[in-house]
Amino acid sequence: MKKRVGEFVRRAVTAVAAERGFAAADLPEIVIEQPREKSFGDFASNIAMQLAGRWKTNPRAIGEALRLELEKEPDLARVTVDGPGFINMTLDVGCWHRRLVEIAEAGDDFARLDYGRGRKVLVEFVSANPTGPLHIGHGRGAAVGDVLARLLTRAGYEVDREYYVNDAGNQMRILGRSLRWRYLELLGHRSGPLPEGYYQGEYLVKLAQEVRSAHGDGLVPADLTEDDDQGLDFFTPYAAEAILNGIRNDLELFGVGFEYWTSEKEFFTSGRVDAVLDELREKGVLYEQDGALWFASSRFGDEKDRVVVRANGVKTYFASDIAYHRDKFERGYDLLIDVWGADHHGYVPRLRAAIEALGCDPERFAVILVQLVSLSRGGTPVAMSTRSGEFITLEEVVREVGRDAARYFFLTRRSDSHLEFDLELAKAQNNDNPVYYAQYAHARICSILRKAREEEFDVHGTELRAGCGSCLTMPEELELIKKLDDFTALLESAARNLEPHRLTYYLDDLATRFHSYYNRHRVVTDDRETSRDRLLLVTCIRQVINICLGLLGVSSPERM
RNA sequence: GCGCCAGUAGCUCAGCUGGAUAGAGCAACGGACUUCUAAUCCGUAGGCCGGGGGUUCGAGUCCUCCCUGGCGCGCCA
C-alpha cells in the first residue's frame, strides 16, 4: 500500500513540477511513512518540505498545490497539509477491505518479495572451531544466521548457508594431543592436571573411552613425550571428526542446516592459499620484513599491516581466510554475509582490505557482529568459562527450554547488543514468557476456526472469499488490516538492514493487537455477514503469524 | 594510548538507515472468565533519550568534544 501511495505522490509531484517549469529529473526520492499519530491519517509524505529548498518556495504552498493534485485520486479519501508541510493522506476504507481479500487470496505466498531479485547470497555462520561442543553463544549466531537466511530467501534472494570448518593450524594439533593425553590417562600413563593450553572439557574423556574400546590399548607407546607428534595422525582427525559430528547433531536439534561445509585445510592443501598470495604479490601489496611476509592492509584502511606468512614459514589464519573469501566471490555470489562473534570486530578492516586489494567489491561484503550471551537462571548469573571446560552447551539449552523458546529468545535483541538469556524464563509455561504469546495467538485463531466449522462456516472455501470485508469498520479492525499490509514493508526493511530481530517485534505487535481484539469482540456471532468478514480477518492474521513464525524457525501450534 | 560497539522509564530493551506529542515487556497498583482457550485483556503510574556544542524547517537518530561500560589492538585462531 505504501508503494501505491508513493505512486500517487509521484504523479502529483510530476504534475506540479511540470506546471511550474521544474525538471522532473532531479526530484528527490519520495518517502512515504506511517505517522505515529493516527489522527493524521494512514500515510504521510515530507516531499513538500524537501522540495521547498530546491524550489525556493514555502513548503506549505507546495503542499497545497500537491493536495489539489492528490485529491483527484479516487482511492484517497482525505488529504491535508499539516504542521510545517507534511501531506497527510487517508485511504478510502474500501482499499483496505480489498487489500484484506488480496492477502487472503495470496495465502502462504503473501509477502514473498522480489526485493532481492534473485541475487545470490552466501550466509556464513557458526563456523565454530571443531575443538569442542557448541555453547550458547554459538547458538545465538546460529539463530541469527539461519533466520537471516530464511528472511532473505523470502525477500527474493537465492540463499546458501555455509559453515567454515577451521580444521587447520595449531589448535588442531593441540586438540589431537589433548585426546591422546586423555587416552593415555585412561591407560594409567598420565595423571594430574592437563598441560597448559590443552582442551579440558569432559567430552574428550568420553571420546578417549570410545577410542580405547574401538582401537584397544596399543595406539601409542607409554613413554611418549608431550612434544612428540606420534599418533597425532590418528588422534587429530579422529577428534575433529567426532566433534564436528556432534556439532552437526546439535545444529540439527536446533533446526539449523547448511548447504555447504567448507574445510579450511583444503584451502592449504589445494594450493589456493598460495595462489591468492601470488595474486596479491602481483598487485604489489605484499612485502617482506623481519623474515615474515606482510600484506599492506593499511593502504586499504586497516590500522596496520598484517602478516600472512610467519618467519617460520607457516601461513597465518588470515592468509587462508583471504583465499576463502576470494573463493566465495569466485563462486558467483552477489553478496557475502559473515556472522561473527563481536569479539572479532577488529578483524573486519583487514579482511575488507584484502577483498578490496583483490579487486572485489567490498560493498558486497557484510559482517554481522553478534554480541555475547550471558546466561542466568531465575535472575542469578550462571558462570561460564571456556577455559575450565565448564560451559553450558547449546544442546543442554535446547533440551531444557526447547527449540522454539531458544530460537525466539536469541532474536529478541539486536544482534550487536548484549543478550541476557534466562533459562527459567525461557521455559516458563506462563505469561512471563514472550515465546508463547504469538504461538498462543495462533492457537486461539485455530480454535476460532474450529468453532466456525461447528457453526458450518466453510472456512477454507469460497464462503470467506465471498465476504468483501465491508463489515470491518471498527478502528481496531482497520488497524489490524493495516498491520497485516505492513508486513511486506517490514520484511523488506529487515532484509535491507540485515536485521532479523525485527520479526519478533513485528510478531509481538501483531499478536498484541489480535489478543486485544479477541477480548473485545466475538468473531463468530449471530450475524452471518459480520462473522464471515471477521473470519476473513482472523484467517489472514493466522496466515501472517504462521509465515512469521516460520521465518523464525518456530512452530505454529494449533492448540496449546 | 588508539580503534570499534553501546549508554533511552526502577529493570530488560525497541525506535523502520532525519520527521509531528519518544514506545513495549517486566516489576508496582486497580479491574475483567456463564463466551471462539485468562499462556489473554483493560486501566493507572513511570523520561534532561549519558553530558556540552554544532548541522536545518525538524535530531534519540548525523558531525564534534568530554563522561561511563564492554570488546579489540599477536609472526594466535
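Side-chain atoms are counted along with the backbone in the values below, which use heavy atoms only and exclude waters and symmetry mates. Chain letters run A, B, ... following the sequence lines, proteins first and then strands; every chain starts at 1.
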Between [Y] and [X], is there a salt bridge with N-O shorter than 4.0 Å?
{"X": "A:Arg450", "Y": "A:Glu454", "value": "no"}
{"X": "A:Lys482", "Y": "A:Glu477", "value": "no"}
{"X": "A:Glu420", "Y": "A:Arg413", "value": "no"}

Without decimals, in angstroms, what is the distance between [X] [atom1] and [N] [atom2]?
{"X": "A:Asn519", "N": "B:A38", "atom1": "CG", "atom2": "C1'", "value": "8 Å"}
{"X": "A:Arg542", "N": "B:C36", "atom1": "CZ", "atom2": "C1'", "value": "16 Å"}
{"X": "A:Gln371", "N": "B:C71", "atom1": "CD", "atom2": "C1'", "value": "7 Å"}
{"X": "A:His515", "N": "B:A32", "atom1": "NE2", "atom2": "C1'", "value": "16 Å"}
{"X": "A:Leu510", "N": "B:A24", "atom1": "CG", "atom2": "P", "value": "17 Å"}
{"X": "A:Phe514", "N": "B:U40", "atom1": "CZ", "atom2": "C1'", "value": "10 Å"}
{"X": "A:His418", "N": "B:G7", "atom1": "NE2", "atom2": "P", "value": "11 Å"}
{"X": "A:Tyr518", "N": "B:A32", "atom1": "OH", "atom2": "C1'", "value": "14 Å"}

Per-nucleotide protein contact string for nucleotides 72-77 of chain B (B base, S sugar-phosphate only, - none; heavy atom under 4.0 Å): SSSBSB

Under 4.0 Å protein heavy-atom contact, by nucleotide of nucleotides 14-23 of chain B - B base, S sugar-phosphate only: SSS--BB---

Looking only at the side chains, is there a donor atom on one of [X] and [Y] sitting less than 3.5 Å from an acceptor on the other?
{"X": "A:Glu476", "Y": "A:His521", "result": "yes"}
{"X": "A:Asn166", "Y": "A:Gln171", "result": "no"}
{"X": "A:Asp527", "Y": "A:Thr525", "result": "no"}

Look through every strand shown and name the nucleotide pairing with [N] as Watson-Crick or G-U wobble, where both distances are under 3.5 Å.
{"N": "B:C2", "value": "B:G72"}
{"N": "B:A14", "value": "none"}
{"N": "B:C33", "value": "none"}
{"N": "B:G19", "value": "B:C57"}
{"N": "B:G46", "value": "none"}

Between [M] and [N] - [atom1] atom distance, rounded Å:
{"N": "B:A24", "M": "B:A14", "atom1": "P", "answer": "16 Å"}
{"N": "B:G19", "M": "B:C76", "atom1": "P", "answer": "47 Å"}
{"N": "B:C63", "M": "B:G25", "atom1": "C1'", "answer": "34 Å"}
{"N": "B:U64", "M": "B:U55", "atom1": "P", "answer": "15 Å"}
{"N": "B:G7", "M": "B:G15", "atom1": "C1'", "answer": "15 Å"}
{"N": "B:A77", "M": "B:A20", "atom1": "P", "answer": "50 Å"}
{"N": "B:U68", "M": "B:C49", "atom1": "C1'", "answer": "16 Å"}
{"N": "B:C65", "M": "B:A28", "atom1": "P", "answer": "45 Å"}

Evaluation steps, salt bridge (charged side-chain N to carboxylate O under 4.0 Å, His left out), between A:Glu124 and A:Lys328: CA-CA 10 Å; A:Glu124 183 219 321; A:Lys328 289 193 198 176; 2.8 Å; yes

B:C63 glycosidic torsion: syn (within 90° of 0) vs anti: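 This nucleotide is in anti.
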
Heavy atoms of other groups near A:Glu226 CD, more than 12 under 6.0 Å: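 Atom CD in A:Glu226 is crowded, with more than 12 foreign heavy atoms closer than 6.0 Å.
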
Neighbour count >12 (heavy atoms, 6.0 Å) for atom CG, A:Asp526: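 Open.
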
Ring-face cation contact, A:Phe267 with A:Arg272, 6.0 Å cut, 45° max: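 So A:Arg272 does make the cation-pi contact.
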
Given RNA chain B, 5'-ward residue of the pair A:Asp508 and A:His521, judged by closest heavy atom: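 Result: A:Asp508.
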
Touch class at under 4.0 angstrom, heavy-atom based, for A:His442 against every strand present: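 A:His442: no heavy atom of the nucleic acid under 4.0 Å.
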
Sugar-phosphate, base or nothing in reach of A:Ala52, heavy atoms under 4.0 Å: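 Result for A:Ala52 = nothing.
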
Sequence-distant partners of A:Asp509, side-chain contact (heavy atoms from CB on, under 4.5 Å), two or more places apart: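 With sequence neighbours excluded, A:Asp509 shows a side-chain contact (heavy atoms from CB on, under 4.5 Å) to A:Lys483, A:Arg513, given in chain and number order.
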
Any A:Tyr440 side-chain nitrogen or oxygen under 4.0 Å from OP1 or OP2 of B:A39: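 The answer is yes; a side-chain N or O of A:Tyr440 sits under 4.0 Å from OP1 or OP2.
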
Any A:Arg444 side-chain N or O less than 4.0 Å from OP1/OP2 of B:A38: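 A:Arg444 to B:A38 OP1/OP2: side-chain N or O found under 4.0 Å.
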
